[in-house]
Participant: 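Structure incoming, see below.
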Amino acid sequence: MDKKVLNGLLRPKSVAVIGASNTPGKIGYSVVDNLIKDGYQGKIYPINPSSPEILGLKAYPTITDVPGSIDAAIVTVPAKIVPAMAEECGKKGVKGFIVITSGFSEVGRKDLEQQIVDTAHQYGMCVLGPNIVGTLSNSDKFNGSFAPCLPLAGKASLISQSGALLIALDAATYTRKVGFDKLVSIGNMSDVDFADIVEWLDEDEKTSCISLYIEGFKDGRRFIEAAQKTKKPIIALKSGVSAHGAAAAASHTGSLAGAAKVYGAAFRQAGVIQAADLNDLFNKTQAFSEQPAMKGDNLLIITNGGGVGVLATDAAERYGLPLKFAPEDVQAELKKHMPEFGSAKNPVDITGMGGNEWYYDCVKYAFAHKWVDGLVVLYCETAVTNPQEIAESIKKAVVDSKVKDKPVTVSFVGGERCDAAMGWLVENGIPAYGAPDLAVQTMAGLRDYAKLHEKKASFDFKSNAKARKTALEIVAAARADGRNALTEIEAKQVFKAYGLPVTDTQLAKSEDEAVTLAKKVGFPLVMKIVSPDILHKSDAGGVKVNIKDEAGVRDAFKTIMANAKKYKADANIHGIAIQEMAPMGTEVIMGSVNDPTFGPTMMFGLGGIFVEVLKDVTFRVAPIADDQAVEMIGEIRGAPILAGVRGEAPRDRKALAETITKYSNMILDMQDEIAETDANPVLVYEDGKGLKVVDARMILKKK
Ligand code: COA
């Protein structure tokens, strides 16, 4: 989206309020009042057909009556007249059309909403909303909303899909002492969406970190791409992760691909840090807006109390940042700044006697030491110390250390004096929390961010024209047959075209053909019914394994056919698959869904009971580069099984990663045709021996 247009929307130099009113309690009144009382320096043009003056400002009957140019129009008139207002604003050359009004797609009036967007686009105007609170910019003293006030000033900016939540957070910025520069309510996202504003905020010099409250993206893939390019940290709170997964699914993968998992995967790929809840969003925003990322794993904790030190140590392990003992030289130096009974190991316990000087000395030395990647400073209120003085000592030590590329967080545990001292710390750029685990949790977030960005994912992808041609022919034949699922043999042919290692599988239409093909495939082998009407082959008695000779093939052919007919008399039977019997290996599952928000999305996990019972699986949006595939293999709980446990040789994780990458390319390349897939089981062998897809399922998109 054009940057100039977005500038006009989010940092307007002049603004019209359409539906401005002299009646307190009306939104059209509040918006004008907010613009005036919060000190907006640009021109304000109230628009009202019957009032010549609103809140002391000259008002105009229509926007076209305004003499000068106008950057943004804030709309607070009822929904049915908003399209006409869009036309007038477009003609006037307005850049940003900010629609506070409700009553559009959220209540089924998508048509009215689309009409506004279409009109706006005719004139090169963009639409924010509808159904929003408005937009605020602290540095411009611009409160173009009906939120109560400008937020506490700070370096973060927030985009919220919920207007009510934005209002609530706005007021809470003062009590929580988390400052923001811009607050943007995004509502129905008819036009301007998260990706547009994220891209714009990335260039905004007043914003150092971007916080998001998301209910659902319209185009998840576009968000990932925008976030991947962003240089500033993004923290996202996603709500509504519980219901989505319940959608009926034809594949195993489909049944496991809930919104929580898919959004979580997408955020990782986008380099976005996820907040667990509102508190976490505030806490992380506070840390990310003031502190740099933590570039290594060495966390040092300095405390005056053993208890909070242990709590912080536990939290460090819980959030993936386990403590290590400080090196000898660090311990030796720190020992000089504590009583004899203190401990310099890590946590560094300067004891209840720890006063201003010891805090200062330890923080200054430790923060500057090359071993330390991040510092958490804890303090418990004592009678022999003054929290404010301790806070000032910590701040001075951080400044005097001259370190700017490492993060520090603080927790003071105590009463009002501690709260006041922490308030002072926060105002002075040091994130401070009322509980030690929160200081550690946010530090771990800063570490996660650095790790995510060490190898930021990219969405590079090239179509495989040859494989796609083969796959499309197979799909077309199935569709001509009136089917929306491929048979196992067809699915394997598609897999094979995309370079996936499938077991050799041939279709026999008669008993004699089965014998001929069996000799080609080689013994022992497996025979399976091939019928679009029998998806659960074993349940139908349609699978025979370990067939060793010709007699066995003839016998199995007859039995399977008889069983299939018994199971479903009118089943359309294509024949029987003669399949190489893959040697035993570690069972894994791969699969995919075409997620409504993110498109082709892949699942990987341990197979068999692990997927059935423990659901030990992980997701990524396709395409999945090799390093991302390696990450997937490493992050399932069962990863040690693939790495080799109890003297077993490690499995071929290199081949596995390559297969995941190829699989993800296949589902992306065929996304217009494929709805869901499963490769289950896939047998993984020892290092160097590769893997085999033993069974495959492919459901087509309904057309
Ligand atoms: N141009 C300019 N002003 C016009 C106008 C026009 N063509 N037509 C009417 N107006 C004026 C009205 O006369 C009125 O001013 P007045 O008080 O001087 O009479 C003003 O616009 C507002 O119109 P009104 O009909 O009184 O509407 P309202 O204030 O009761 O409600 C909305 C308007 C937009 C607030 C309401 O429809 C709405 O959508 N509310 C929900 C907003 C919301 O919650 N948003 C989402 C937050 S998450």
Side-chain angles (χ1 to χ4, degrees), residues 15-36 44-66 70 72-92 94 97-110 112-113 115-116 119 127-136 143-149 151 158-172 183-194 197 212-216 239-240:
V15 56
V17 181
I18 302 181
S21 171
N22 275 318
T23 310
K26 283 202 179 187
I27 290 181
Y29 174 94
S30 291
V31 174
V32 180
D33 189 41
N34 275 344
L35 287 166
I36 298 169
I44 308 168
Y45 301 109
I47 312 294
N48 185 297
S50 46
S51 303
E53 190 182 296
I54 286 182
L55 285 151
L57 296 173
K58 178 175 168 44
Y60 299 83
T62 72
I63 197 162
T64 43
D65 297 314
V66 175
I70 298 170
I74 304 174
V75 182
T76 65
V77 291
K80 61 179 185 307
I81 57 170
V82 177
M85 300 300 107
E87 186 72 39
E88 285 184 13
C89 287
K91 284 189 178 136
K92 179 73 187 163
V94 166
F97 193 61
I98 302 169
V99 188
I100 289 181
T101 313
S102 303
F104 295 89
S105 61
E106 82 281 7
V107 292
R109 292 303 309 272
K110 175 92 185 106
L112 212 53
E113 192 167 299
Q115 204 182 334
I116 296 166
T119 306
V127 180
L128 185 67
N131 190 27
I132 59 171
V133 164
T135 174
L136 302 88
N143 183 352
S145 79
F146 67 95
C149 51
L158 172 83
I159 311 170
S160 174
Q161 207 168 347
S162 155
L165 196 91
L166 182 136
I167 294 183
L169 290 179
D170 179 28
L183 300 182
V184 185
S185 171
I186 197 164
N188 296 3
M189 301 190 294
S190 64
D191 183 25
V192 174
D193 67 6
F194 279 103
I197 302 184
L212 311 176
Y213 171 76
I214 302 157
E215 285 167 1
S239 68

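Order of appearance sets the numbers: ligands from 1, and atoms from 1 within every ligand. The analysis underlying the following values was restricted to heavy atoms, covering all of them including side chains, and did not include hydrogens, waters or symmetry mates.
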Participant: Pick, from Ile47, Val75, Thr62, the option with the minimum heavy-atom distance to atom 2 (C) of ligand 1.
Facilitator: Ile47
Participant: Considering both backbone and side-chain atoms of Ser51, is one of its nitrogen or oxygen atoms within less than 3.5 Å of a nitrogen or oxygen in ligand 1?
Facilitator: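 The answer is no, given that Ser51 and ligand 1 share no N or O pair closer than 3.5 Å.
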Participant: Against heavy atoms of Thr23, which atoms of ligand 1 measure under 4.0 Å?
Facilitator: 17 (O)
Participant: For atom 23 (O) of ligand 1, which of the options Pro78, Gly134, Gly19 provides the nearest non-hydrogen atom?
Facilitator: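 Nearest heavy atom to atom 23 (O) of ligand 1 lies in Pro78.
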Participant: For the CG atom of Leu183 and the CG atom of Asp170, what is their distance to the nearest 0.5 Å?
Facilitator: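 Answer rounded to 0.5 Å: 5.5 Å.
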Participant: Please state which protein non-hydrogen atom is closest to atom 29 (O) of ligand 1 and give its distance, to 0.1 Å?
Facilitator: Lys26 CD, 3.7 Å
Participant: Of all the non-hydrogen atoms in the protein, which one sits nearest to atom 33 (C) of ligand 1, and at what distance?
Facilitator: Thr76 O, 3.5 Å
Participant: So for Tyr29, does at least one of its heavy atoms come nearer than 4.0 angstrom to any atom of ligand 1?
Facilitator: no
Participant: What are the atoms of ligand 1, with element, lying closer than 4.0 Å to any heavy atom of Ser21?
Facilitator: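 Those atoms are 15 (O), 16 (P), 17 (O), 18 (O).
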Participant: Just by distance, no angles: are the side chains of Thr64 and Glu88 close enough, under 3.5 Å, to form a donor-acceptor pair?
Facilitator: no
Participant: Hey, is atom 31 (O) of ligand 1 under 4.0 Å from any protein heavy atom?
Facilitator: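 No, there is none.
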Participant: State the CG-CD1 distance between Leu57 and Ile36, to the nearest 0.5 angstrom.
Facilitator: 4.0 Å
Participant: Which residue supplies the protein heavy atom nearest to atom 48 (S) of ligand 1, what is that atom called, and how far is it?
Facilitator: Gly163 CA, 3.6 Å
Participant: Has the side chain of Thr135 got a donor or acceptor atom that lies under 3.5 Å from a matching backbone atom of Val184?
Facilitator: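 Such a contact is absent between Thr135 side chain and Val184 backbone.
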Participant: Applying a 4.0 Å heavy-atom criterion (strictly less than), which segment of Phe146 is in contact with ligand 1: side chain, backbone, both, or neither?
Facilitator: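 Near ligand 1, Phe146 shows its side chain, while the N, CA, C and O stay back.
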Participant: How far is atom 47 (C) of ligand 1 from its nearest protein heavy atom, and which residue and atom name does that atom have?
Facilitator: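 Minimum-distance protein heavy atom for atom 47 (C) of ligand 1 reads Ile132 O, 3.5 Å.
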Participant: What residue and heavy atom of the protein are closest to atom 36 (C) of ligand 1, and at what distance?
Facilitator: Thr101 CG2, 4.7 Å
Participant: Any donor and acceptor pair, going by atom type alone, linking the side chain of Asn48 with main-chain N or O of Ala20 inside 3.5 Å?
Facilitator: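 A pair under 3.5 Å: yes.
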Participant: Closest non-hydrogen protein atom to atom 39 (O) of ligand 1, residue and atom name please, with distance?
Facilitator: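 Looking only at protein heavy atoms, the one closest to atom 39 (O) of ligand 1 is Ser102 N, 2.8 Å.
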Participant: Below 4.0 angstrom from a heavy atom of Ile81, which ligand 1 atoms are there? Numbered from 1 as shown, please.
Facilitator: 5 (C), 7 (N), 8 (N)
Participant: Counting C-beta onward and ignoring hydrogens, is there a side-chain heavy-atom pair between Leu55 and Tyr29 closer than 4.5 Å?
Facilitator: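 Leu55 reaches Tyr29 side chain to side chain.
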Participant: When you measure from atom 7 (N) of ligand 1 to every protein heavy atom, which one gives the shortest distance, and what is it?
Facilitator: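 Checked against all protein heavy atoms, atom 7 (N) of ligand 1 sits closest to Met85 CE, 3.5 Å.
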Participant: Tell me: protein heavy atom nearest atom 45 (N) of ligand 1, and distance?
Facilitator: Ile100 O, 2.9 Å
Participant: Contact between ligand 1 and Pro49 is defined here as a heavy atom of the residue under 4.0 Å from a ligand atom; is it met?
Facilitator: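 Within the 4.0 Å threshold, so yes.
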Participant: Name the option, out of Val133, Ile18, Asn48, that contains the heavy atom nearest to atom 12 (C) of ligand 1.
Facilitator: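 Nearest option to atom 12 (C) of ligand 1, by heavy atoms: Asn48.
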Participant: One pair to check against side-chain hydrogen bond (donor to acceptor under 3.5 Å, both in side chains): Glu113 and Ser105. What are the steps and the verdict?
Facilitator: CA-CA 6 Å; Glu113 192 167 299; Ser105 61; 2.7 Å; yes
Participant: Distance below 4.0 Å between atom 18 (O) of ligand 1 and any protein heavy atom?
Facilitator: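 Neighbour list for atom 18 (O) of ligand 1 includes protein heavy atoms (cut-off 4.0 Å).
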